[in-house]
Amino acid sequence: MLSAFCYPPWPRFLLSAINNSRAIAQAHALMILTGEVAGDNSPGNLIAAYGRSGNLHAARQLFHSLPQPTISSWNAIITAHSRNDSPFEILRLYRRMVSVGGAKPDSSTFTVALKACAQLSDLESGEQIRSHAANLGFQNDVFVNSSLLNLYAKCGKMVDALQLFDKMPKRDLVSWTTMITGFSSAGKPLAAIDFYIRMQSEGVQGDGIAMVGLLQACAVIGHARMGLSIHGHIIRLDMRMDVVVETSLVHMYAKSGHLSLANRIFSRMRHKNVVSWSALISAHAQNGFANEALFMLVKMQDSGIQPDSASLVSGLLACSQIGFLKLGKSFHGFLIRRRLNVDDVKLGTAVIDMYSKCGCLLNARTLFNVLSLRDSIAWNAMISCYGIHGNGVEALSLFLKMKEANLKPDDATFASLMSALSHSGLVDEGRQSFNCMLNEFRIEPGEKHYASMVDLLARAGHAEEALDLIRTMTDEPGVAIWVALLSGCLNHKKFIIGEYAAEKVLKLNPDDLGVYALVSNLYASARNWDRVSEIRRVMKKMGMKKTPGHSLVELDGKLHAFLVEDISHPEHVKIVAVLKRLEYEMRKLGYIPKIELVLT
DNA sequence: ATAGGGTTAG
């Protein structure tokens with residue numbers, strides 16, 4: 001009876017159709033009874049079936065019971081681990097197969113092993129596998145080669161990827177898409193788009209995954225027009241849109257400044273996961289809509305999706321923008337309860353940044369000290385924290401410790417450091433750090449570095465040196481730099497350079513009233529009355545359309561917003577009384593408020 | 001037949 005039912009060889013299609021563990025176990029039992037497990041391909045098929053059904057344990061048990069696993073068994077167990085996302089185990093199995101297994105790996109073995117290397121960014125193991133595959137005659141295999149392309153792309157080696165791609169005799173959609181995605185994440189969006197065009201001209205039709213790569217490219221450069229045309233392309237070709245494609249669209253529109261389109265796409269999505277929500281939340285947080293971002297975080301939870309690290313990072317960013325310490329703290333508590341903070345630098349840095357921007361330097365430092373993995377961005381956040389709190393000396397000492405820890409400072413490190421030094425007026429240290437950036441680390445200074453340096457020099461009365469520095473810039477200096485020079489000149493009564501800076505500022509037409517006030521004050525000090533009245537006219541015109549600034553104060557977890565001459569707060573009488581008292585106390589201590597130019 | 005390419009965050 002039994003042997004009639006499972007007459008060998010056990011049909012593969014039957015096993016591959018089964019994906020329920022019990023049925024596979026039954027088939028397994030039958031095969032043991034008929035002695036078929038010892039056969040050629042059956043164990044492999046069975047292991048593969050266990051793997052597909054997610055029963056890795058049973059797959060491993062069966063595999064380990066085999067005295068001499070065949071290639072199909074090896075591949076099946078390796079693939080089962082690939083489903084389970086355990087790259088280390090895959091490489092371990094691969095090495096065992098090669099060294100003692102006696103079975104020769106084939107194209108699919110190499111493919112899965114290379115994928116594991118890509119996940120681990122393990123270039124060295126990948127190269128070993130590459131030469132092994134070449135020795136066995138797989139150097140022209142599309143699967144192996146595409147996996148290698150992906151390995152190079154994940155390791156940031158697009159030059160090597162390109163070199164291999166160029167000599168590949170056979171390429172398919174996956175090879176092309178790997179290159180497109182690789183260029184996008186390497187910050188080379190134009191190369192990505194160029195590759196897509198080449199792919200099309202060679203008659204290869206794109207799919208959703210290729211579109212995701214292209215949308216990423218547009219997001220990187222914030223190119224709305226191109227993003228829009230890719231969106232149109234997707235619709236025209238009637239491509240299936242899944243969550244990932246739609247999320248990429250949301251992200252692309254958000255990054256290219258079209259929040260309302262991002263919102264519209266999102267609201268029409270049928271399936272939303274935590275990634276889609278996070279894309280939307282970060283879109284709002286990064287565009288300064290902190291309250292909306294926080295509101296969406298709540299809505300996501302209401303819809304039954306719990307925040308993950310990425311959504312919390314955006315939530316924390318929103319908190320730091322509006323100084324919402326209480327909520328930031330509760331996020332911190334939430335992620336500790338959920339044990340989300342282990343080994344996640346991004347999350348840890350976001351918490352540090354939140355405490356830093358909410359004025360809790362000590363909390364930030366405590367957290368920084370216990371962070372298990374500190375990369376250069378974590379250090380940057382901490383250095384910038386000291387800068388924000390006006391402690392340039394500590395920022396500098398942290399910078400030195402960072403170098404001792406063998407971490408390479410980048411342009412952001414120096415931006416934070418220079419800004420900290422300039423706010424503390426540490427001129428010599430500023431000059432040294434600027435030179436260190438240029439000579440020791442060969443970092444091209446950007447607008448921010450120059451602005452801090454000019455601010456530092458001009459503030460200390462070295463307007464001439466600041467101007468010399470500006471003249472070494474290759475790019476055209478922006479408003480911030482001239483304003484820094486101007487304000488230093490105003491304080492030190494350096495009217496000649498000051499007027500020169502003022503002219504530069506006016507030429508750049510900033511739409512900041514404060515800047516015009518500064519320019520006007522300089523001309524007034526220099527007794528250039530024609531210019532003063534001219535600027536007053538400009539300011540009056542601007543004043544009409546300027547949106548009023550406001551400040552936010554958090555009390556007992558509630559945010560209170562205040563505008564100029566705002567009396568809408570229910571307790572405004574008491575508030576004003578306290579302010580008056582504070583001003584009186586300050587004057588008693590010798591503080592003389594500097595009244596800036598008043599509009600008439 | 002099996003295997004390779006995709007979304008969010010400091």
Side-chain angles (χ1 to χ4, degrees), chain A residues 12-13 15-16 41 44-45 48 51-52 71-72 74-76 78-80 82-83 105-116 118 138 141-151 153-154 171-182 184-185 206-216 219 242-252 254-255 269 272-283 285-286 300 307-318 320 340 344-354 356 371 374-382 384 412:
Chain A
R12 179 200 306 275
F13 69 86
L15 265 182
S16 53
N41 282 322
N45 293 337
R52 265 194 305 275
I71 170 78
S72 82
W74 277 108
N75 281 351
I78 289 175
T79 308
S82 179
R83 282 206 180 74
D106 64 7
S107 162
S108 67
T109 326
F110 291 126
T111 302
V112 180
L114 285 168
K115 181 185 184 177
F138 289 100
D141 188 283
V142 227
F143 276 77
V144 172
N145 282 336
S146 297
S147 306
L148 278 168
L149 292 180
N150 187 40
L151 171 71
K154 290 280 152 31
R171 302 163 187 149
D172 63 7
L173 174 60
V174 176
S175 333
W176 283 102
T177 310
T178 306
M179 294 303 283
I180 291 171
T181 307
S184 282
S185 39
D207 66 355
I209 301 181
M211 295 306 113
V212 169
L214 291 178
L215 289 170
Q216 238 177 349
D242 59 14
V243 225
V244 182
V245 176
E246 287 177 314
T247 302
S248 300
L249 279 170
V250 169
H251 179 231
M252 178 277 294
K255 281 276 172 188
M269 284 171 68
K272 296 163 181 159
N273 58 20
V274 67
V275 181
S276 346
W277 277 100
S278 300
L280 190 75
I281 292 167
S282 83
Q286 289 182 350
M300 174 176 84
D308 65 354
S309 320
S311 26
L312 280 175
V313 165
S314 299
L316 286 161
L317 176 67
S320 55
L340 284 173
D344 194 335
V345 225
K346 284 186 180 150
L347 189 52
T349 308
V351 182
I352 289 173
D353 203 56
M354 182 277 295
S356 155
L371 212 61
R374 283 183 292 215
D375 63 4
S376 59
I377 303 181
W379 284 87
N380 292 357
M382 202 58 231
S384 133

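Everything numeric in this text was worked out from a predicted model, so none of it was measured. Protein chains get the first letters and strands the later ones, always in sequence-line order, with residue 1 at the start of each.
A:T111 contributes no side-chain N or O that forms a donor-acceptor pair with the base of B:dG4 under 3.5 Å. Remark: the A:N145 side chain and the B:dG4 base include no donor-acceptor N/O pair separated by less than 3.5 Å. At a cut-off of 3.5 angstrom, the base of B:dT7 holds no donor-acceptor pair with the side chain of A:S248. At a cut-off of 3.5 angstrom, counting only N and O atoms as typed in the model, there is a donor on one side and an acceptor on the other between the side-chain of A:D375 and the base of B:dG10.
When heavy atoms are screened at a 4.0 angstrom cut-off, A:L347 is found touching no nucleic acid atom at all. Backbone-only contact: A:S147 has heavy atoms under 4.0 Å from sugar-phosphate atoms and none from a base. Counting any heavy atom pair closer than 4.0 Å across all strands shown, A:S309 reaches a base atom. Within 4.0 Å of A:V142, counting heavy atoms only, lies at least one base atom of the nucleic acid. Within the 4.0 angstrom heavy-atom criterion, base atoms lie near A:S107. Counting any heavy atom pair closer than 4.0 Å across all strands shown, A:D242 reaches a base atom. Residue A:A118 is out of contact with every strand shown, counting any heavy-atom pair closer than 4.0 Å. A:K154 comes within contact range of the sugar-phosphate backbone alone, with a heavy-atom separation under 4.0 Å but no base atom that close. When heavy atoms are screened at a 4.0 angstrom cut-off, A:V345 is found touching base atoms of the nucleic acid. No contact: A:T109 has no heavy atom under 4.0 Å from any strand. Here A:V245 lies in heavy-atom contact (under 4.0 Å) with a base. At a threshold of 4.0 angstrom between heavy atoms, the contacts of A:N75 with the nucleic acid are absent. When heavy atoms are screened at a 4.0 angstrom cut-off, A:T178 is found touching the sugar-phosphate backbone but no base atom.
For A:H251 and B:dT7, the shortest distance from a side-chain N or O to OP1 or OP2 is not below 4.0 Å.
The CD1 atom of A:I180 sits 13 Å away from the P atom of B:dT7 (whole-angstrom rounding). Between the CG atom of A:L149 and the P atom of B:dA3 there is a distance of 19 Å, given to the nearest Å. Rounded to an integer number of Å, the gap from A:L173 CG to B:dG6 P is 12 Å.
The shortest heavy-atom contact between A:S282 and A:S314 is CB-OG, 3.1 Å. Considering every non-hydrogen atom in both A:V250 and A:A279, the closest pair reads CG1-CB, 4.5 Å. For A:M300 against A:V274, the heavy-atom pair with the smallest separation is SD-CG2, 4.2 Å.
A donor and an acceptor atom, one from each side chain of A:N150 and A:S147, are nowhere located under 3.5 Å apart.
The nucleotide whose nearest atom lies closest to any side-chain atom of A:Q216 is, among B:dA9, B:dT7, B:dG4, B:dT7. The side chain of A:T247 has B:dT7 as its nearest neighbour among B:dA3, B:dA9, B:dT7. Taking every side-chain heavy atom of A:N273 into account, B:dT7 is the closest of B:dG10, B:dA3, B:dT7.
Annotation: side chain to side chain donor-acceptor pair (under 3.5 Å) contacts of A:D353 (sequence neighbours excluded): A:K357. Among residues two or more places apart in sequence or in another chain, the side chain to side chain donor-acceptor pair (under 3.5 Å) test is passed with A:N273 by A:S276.
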